[in-house]
Amino acid sequence: MTGSSRRAVLRYMGIGFGAGLTGCSGLSTDQTEPTTEPVKDTTTTAGPTTEPPEPTATTERTDTPFPCATDHELPYSIPGAAETYQSGSVEIRNQTASKTTVTLAIAHDDNTFFACSQTLTNGESLSFDGVTATAGRYTVTVSVEEGRSTTTEWRIPSEQNYPMLLVSIRGDDEPVIGCPGDREVSIQVRNVTDSSARAELTLRRDDRVVTERSVQVDPMSNTDVSLPLPIGDLYVLEVSSEEGRAEKRISACRGYEEKRITATIDSGQVELDSRRIVWE
């Protein structure tokens, strides 16, 4: 690999995963969500176009050749797929207390176009720019020592301007694959009926339940609920009560995320609404 699309940068991260992270459909009619980052929402363009903030405290490794391989021109393009505004980037974070060897492979339709193996000391991260050029679904496989391995999809919507893949190595668990983003999602549950209501909230990822929460909401009142996330990604939020049930796809990726999520319990129905924030 040569050129800026194939350079590797070692980023030294903090000791906590939450401190290392900064950061589907359906839009509300509320006003644009205030933000200090360059954004646009999918209904109203907001703010000037600028690049997202870059992490600080980076050093470049120059002592050894970069041990990655590809048989394809990078960034990789899926034929006929829409190009994203910025090419997709990848970051691997070793958040364990010891040195770890990580092997990463990215494929499309069983065609592996990018593969890399690297040993990271504790707290180190390794980044790759210019890996993908187009929206679509990519298969990501990550393995570490002792045979621990994870395979999942990297889903890049065409409207996601800054696609970012995050691989997190944590303790003795399997690698976690997703995107940089918040480690929780906040929902305001509104009960507009004249009687107390119980709401059951479920968050699913790839048809697997990752978080469940039950809350009791007084008549004509609101309750704020926070649901923890294992990593940023695309999720399905389901809210049900005696009045009905609703579900919605939400994004929790930095620069492409759902904000002001509300679940409204009304007579005979439950409604889910949110505003999506997209970096320009």
Side-chain angles (χ1 to χ4, degrees), residues 1-13 20-23 37-38 49-94 102-120 124-142 151-169 175 177-181 231-234 251 253-256 278-280:
M1 293 184 358
T2 60
S4 62
S5 65
R6 298 162 176 82
R7 68 177 181 270
V9 177
L10 285 176
R11 296 177 179 169
Y12 291 83
M13 311 303 298
L21 297 181
T22 59
E37 296 160 341
T49 301
T50 57
E51 295 292 332
E54 288 295 326
T56 58
T58 62
T59 58
E60 184 173 358
R61 173 174 290 182
T62 59
D63 55 340
T64 58
F66 186 53
C68 297
T70 179
D71 294 328
H72 300 271
E73 182 75 18
L74 294 181
Y76 180 83
S77 295
I78 299 175
E83 289 189 1
T84 55
Y85 176 74
Q86 181 79 10
S87 58
S89 63
V90 177
E91 181 180 358
I92 305 172
R93 296 179 182 175
N94 177 18
V102 184
T103 300
L104 165 70
I106 305 177
H108 177 256
D109 287 346
D110 297 324
N111 178 23
T112 300
F113 61 87
F114 182 81
C116 189
S117 182
Q118 180 69 51
T119 299
L120 302 178
E124 280 189 338
S125 73
L126 180 65
S127 296
F128 313 93
D129 296 325
V131 177
T132 63
T134 54
R137 293 173 177 251
Y138 301 89
T139 301
V140 180
T141 301
V142 179
T151 298
T152 191
E153 273 194 335
W154 181 13
R155 293 161 290 189
I156 304 178
S158 58
E159 66 270 22
Q160 186 176 10
N161 292 323
Y162 295 88
M164 293 171 274
L165 180 74
L166 174 63
V167 176
S168 177
I169 312 301
I177 305 172
C179 61
I231 198 169
D233 200 2
L234 303 178
S251 174
C253 292
R254 187 173 65 195
Y256 185 74
V278 182
W279 278 356
E280 289 186 331

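We're numbering straight along the sequence, starting at 1. Quick caveat: nothing in here was measured; it's all calculated off a predicted structure.
In the displayed structure, E153 atom CD is contacted under 6.0 Å by more than 12 heavy atoms of other residues, nucleotides or ligands.
Considering only heavy atoms from C-beta on, T132 stays 4.5 Å or farther from F114 through its side chain. Side-chain contact check for Y85 versus W279: every heavy-atom pair is 4.5 Å or farther apart. Put simply, the side chain of F128 does not reach to within 4.5 Å of the side chain of I106, judged on heavy atoms. Proximity of L120 to L126: side-chain heavy atoms (C-beta onward) are separated by under 4.5 Å at one or more points. Using a 4.5 Å heavy-atom cutoff, the side chains of P75 and V131 are not in contact. Counting heavy atoms from C-beta outward, I177 and I231 have side chains that stay 4.5 Å or more apart. Between D233 and R155 there is a side-chain heavy-atom pair separated by less than 4.5 Å.
Just one residue in the list L165, L166, V140 forms a side chain to side chain contact (heavy atoms under 4.5 Å, CB included) with V90, and that residue is L165.
Expressed to the nearest 0.5 Å, how far CD of E83 lies from OG of S77 amounts to 5.5 Å. Y162 OH to I156 CD1: the interatomic distance, rounded to the nearest 0.5 Å, is 14.5 Å. Rounding to the nearest 0.5 Å places CD of E91 at 4.0 Å from OG of S127. A distance of 10.5 Å separates CD1 in I78 from CZ in R137, rounded to the nearest 0.5 Å. Atoms NE2 and NE2, from H72 and H108 in turn, are 11.0 Å apart once rounded to the nearest 0.5 Å.
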Going through the checks in order, is the side chain to side chain donor-acceptor pair (under 3.5 Å) test met by Y256 and E159? CA-CA 9 Å; Y256 185 74; E159 66 270 22; 2.7 Å; yes
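The heavy-atom pair separating T112 from A105 by the smallest distance is CG2-CB, 4.2 Å. In terms of heavy atoms, A135 sits closest to T84 at N-CG2, 3.9 Å.
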